[in-house]
Amino acid sequence: MRDAITDVAGIRVGHFTHPQRPTGCTVVLCEAGATCGVDVRGAAPGTRETDLLRPENLVEQVHAVLLAGGSAYGLDAASGVMRWLDERGHGFVLGTARVPIVPAAVLFDLWIGDARIRPDAQAGYDACQAASTQPPAQGNVGAGAGASVGKLWGMARAMKGGIGTASVAAGGFTVGALVAVNAIGDVVDPATGEPVAGARTADGRHLLRSADALRRGDWPAPPQPGLATTIGVVATDAVLTKAQAQRLATMAHDGLARCIQPCHTTTDGDTLFALATGAAGRSAPVALLGALAADAVAQAVLNAVRHAVGLPGLPAERDLGGPL
């Protein structure tokens, strides 16, 4: 166990980080096919192929999941993932053709640098080329390159987010998570209740504690639509049906709710996918897997901000004094 989603057999991860602006994409490859479910909780999602994942619909397995920056433009990167899979003969068989199935979700990171630079089809292809079973890099890479958190009081008081991963094993099964944290809310360590990264005080030197400020009646101006979104993938080696994978994705959101305050807002597009590779060769109670998934997601969120590196005007957790 290396505390990464790649601890799950059948999973590979690759990042593409744009050299000209803090943005990028991250692919979770399962070329042999994996059962997939999804739960979209935020009210401002940017997604692709999520209707296909409904349990009553035809396709049973996917071949990759893409997470990307660039807002809706970043969905273009999924076509590069499809091309990479197609070149290697992976996909849903339709007569003499194969169609790779690649669900995707995007986050808004167009605040930083030239917004005309965003992940495209070549970025998705390059992420596939970089994919491996090694623990993926965390922080300012891939879909987390331009992520930020703590935006209730605007970007001027926000902090750097990122991408993080974690894994948990129990009962002979492994569950891993990979999360790109771009929340409007604060990231809080559930073990202590202390904020780790989030909205800063007016002088920019300390964490504000957004939840406490809201309870005091310190209401921010209405946030601009599209500010945020936390997106991610949980994966397990258990055998699951599509309905069970969807429930796993639902339970995994508990990990976001433990660590992000507030969570699932009208300006977040929070989306989690769940993959089941079946490599363990047997099924497991979804209640067990869901509990593990929530733990892995919570740890991945914390890892994302703890590995983040600050950008000009957007400090990271390591740059700031603690909460007042």
Side-chain angles (χ1 to χ4, degrees), residues 22 39-47 69 71-72 105-112 115 144 146-162 164 179-232 250 253-272 294 297-298 301-302 304-306 308 310-324:
D39 190 345
V40 180
R41 291 286 182 91
T47 57
S71 189
V106 294
L107 55 79
F108 190 94
D109 62 1
L110 301 180
W111 303 102
I112 307 164
S148 52
V149 298
K151 290 168 279 193
L152 276 173
W153 281 266
M155 285 298 294
R157 292 168 66 176
M159 290 180 65
K160 186 71 181 72
V179 185
V181 184
N182 189 53
I184 195 171
D186 292 354
V187 173
V188 175
D189 185 342
T192 64
E194 292 294 319
V196 177
R200 290 175 286 150
T201 53
D203 64 9
R205 297 171 59 189
H206 298 276
L207 288 164
L208 177 65
R209 294 181 184 264
S210 294
D212 290 349
L214 293 174
R215 283 191 287 267
R216 292 194 301 268
D218 182 4
W219 291 89
Q224 181 178 336
L227 275 170
T229 286
T230 295
I231 53 179
T250 295
H253 272 276
D254 291 352
L256 297 186
R258 291 175 195 171
C259 291
I260 298 173
Q261 299 178 359
C263 193
H264 304 134
T265 75
T266 54
T267 57
D268 286 294
D270 301 333
T271 300
L272 290 180
V297 166
V301 170
L302 293 175
V305 296
R306 285 173 171 157
L311 298 173
L314 201 64
E317 183 260 351
R318 65 184 70 183
D319 303 320
L320 206 62
L324 289 176

Of Arg258, Arg41, His264, the residue whose pairing with His253 passes side-chain hydrogen bond (donor to acceptor under 3.5 Å, both in side chains):
His264
Could you go through Ser210 and Gln261, starting from their C-alpha distance and side-chain angles, then the distance that decides it, and tell me whether this counts as side chain to side chain contact (heavy atoms under 4.5 Å, CB included)?
CA-CA 8 Å; Ser210 294; Gln261 299 178 359; over 6 Å; no
Closest non-hydrogen atom pair between Val181 and Ala304, with its separation
CG2-CB, 3.6 Å
Taking atom types as modelled, is there a side-chain donor on Thr250 or Asp39 under 3.5 Å from an acceptor on the other?
yes
Give me the atom names and distance for the closest heavy-atom approach of Leu110 to Ser71.
CD1-CB, 4.0 Å
Are Glu194 and Arg209 close enough for a salt bridge, meaning some N to O gap below 4.0 Å?
yes
Closest approach of Ala316 to Ala308 (non-hydrogen atoms, all atoms of both residues):
CB-O, 3.4 Å
Verify the distance criterion only: is there a donor paired with an acceptor across the side chains of Asn182 and Thr229 at less than 3.5 Å?
no
Non-hydrogen side-chain atoms of Leu311 and Ile112 separated by less than 4.5 Å
yes
Could you tell me if the side chain of Trp111 sits less than 4.5 Å from the side chain of Leu314, heavy atoms only?
no
Identify the heavy atoms of Asp268 and Ala183 that sit nearest to each other, and give their distance.
OD1-CA, 3.8 Å
Can you confirm whether Ile231 sits close enough to Val179 that some side-chain heavy atom of one is under 4.5 Å from a side-chain heavy atom of the other?
no
Does the side chain of Leu152 reach to within under 4.5 Å of the side chain of Pro262, using non-hydrogen atoms?
yes
Side chains of Met159 and Arg200: closer than 4.5 Å at any heavy-atom pair?
yes
Less than 4.5 Å apart, side chain to side chain, heavy atoms only: is that true for Cys263 and Asp270?
yes
Euclidean distance, Ile184 CD1 relative to Trp153 CH2, rounded to 0.5 Å:
9.5 Å
Test side chain to side chain contact (heavy atoms under 4.5 Å, CB included) on Leu256 and Val297 and set out the steps.
CA-CA 7 Å; Leu256 297 186; Val297 166; 3.6 Å; yes
Among Val301, Asp189, Val187, the one residue meeting side-chain contact (heavy atoms from CB on, under 4.5 Å) with Arg306:
Asp189
Do the side chain of Lys160 and the main chain of Ala147 share a donor and acceptor less than 3.5 angstrom apart?
yes
Minimal heavy-atom distance between Leu107 and Ala180, with the atoms involved, is CD2-CB, 3.7 Å
Is a side-chain N or O of Asp186 found less than 3.5 angstrom from the main chain of Val188, in a donor-acceptor match?
no
Short question: side chain of Thr271, backbone of Gly269 - any donor-acceptor pair under 3.5 Å?
yes
Start with the C-alpha distance between Leu207 and Leu320, add both sets of side-chain angles, then the distance that settles side chain to side chain contact (heavy atoms under 4.5 Å, CB included), and finish with yes or no.
CA-CA 8 Å; Leu207 288 164; Leu320 206 62; 4.0 Å; yes
If you look at every heavy atom in Arg215 and Asp212, which pair is closest and at what distance?
NH2-OD1, 2.5 Å
Applying side chain to side chain contact (heavy atoms under 4.5 Å, CB included), run through Ser148 and Asp109 and close with a yes or a no.
CA-CA 8 Å; Ser148 52; Asp109 62 1; over 6 Å; no
